[in-house]
Amino acid sequence: MGHVIAIISGKGGAGKTATTVNLAWALACDYGYKSVIVDIDKDKPDALGWKEQAEASGHTSFKVDTFLCEASPKELILNLKEKFDFVYG
């Protein structure tokens, strides 16, 4: 069974993105767990800079209406490395 870890805060500059990427990377690369980062930051939807890479690979941005109605999971998930995936909002 999978687990969900949420890194959230209303304050900017709190280190959410750095913590998220480092934790997901460690879980995937050091411990062998599959990790998926779902970036749903409404203010900076591409803080990680992976949106362009995702769109170039034919991936769709995550929006509730798209997720529920139109897109397949393969269109949403960008595989960056084995066991390390990204979905951008």
Side-chain angles (χ1 to χ4, degrees):
M1 175 182 263
H3 298 281
V4 175
I5 300 171
I7 311 295
I8 59 173
S9 173
K11 182 183 178 316
K16 298 177 295 288
T17 300
T19 300
T20 300
V21 171
N22 286 317
L23 179 59
W25 187 262
L27 288 170
C29 297
D30 296 341
Y31 295 97
Y33 291 101
K34 174 121 177 114
S35 4
V36 179
I37 295 175
V38 180
D39 182 3
I40 54 172
D41 188 335
K42 64 182 176 50
D43 296 321
K44 289 187 198 171
D46 190 29
L48 299 171
W50 294 330
K51 179 180 178 180
E52 191 172 298
Q53 181 180 349
E55 289 177 340
S57 301
H59 294 79
T60 304
S61 81
F62 174 85
K63 293 184 176 56
V64 174
D65 59 336
T66 302
F67 179 70
L68 294 176
C69 303
E70 300 170 16
S72 73
K74 287 184 180 182
E75 291 177 292
L76 297 172
I77 298 171
L78 174 66
N79 180 262
L80 297 168
K81 184 175 172 64
E82 185 179 352
K83 297 189 177 192
F84 186 71
D85 298 327
F86 175 66
V87 177
Y88 75 95

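These figures come from a predicted structure and were not determined experimentally. Side chains included, hydrogens not; waters and symmetry mates left out as well; all remaining heavy atoms used.
- Residue pairs that meet the salt bridge (charged side-chain N to carboxylate O under 4.0 Å, His left out) test with at least one member in residues 18-37, sequence neighbours left out, are Lys34-Asp85.
- Among pairs with a residue in residues 18-29, none fulfils salt bridge (charged side-chain N to carboxylate O under 4.0 Å, His left out), at least two apart in sequence or across chains.
- Lys83 places none of its side-chain heavy atoms less than 4.5 Å from the side chain of Ser35.
- Using a 4.5 Å cut-off between side-chain heavy atoms of Ile, Leu, Val, Met, Phe, Trp and Tyr, Leu27 falls into a hydrophobic cluster with Ile5, Ile7, Leu23, Tyr31, Tyr33.
- The shortest heavy-atom contact between Phe84 and Trp25 is CE1-N, 3.6 Å.
- Lys16 and Lys11 make their closest contact through NZ-O, 2.7 Å (heavy atoms, listed as atom of the first residue, atom of the second, distance).
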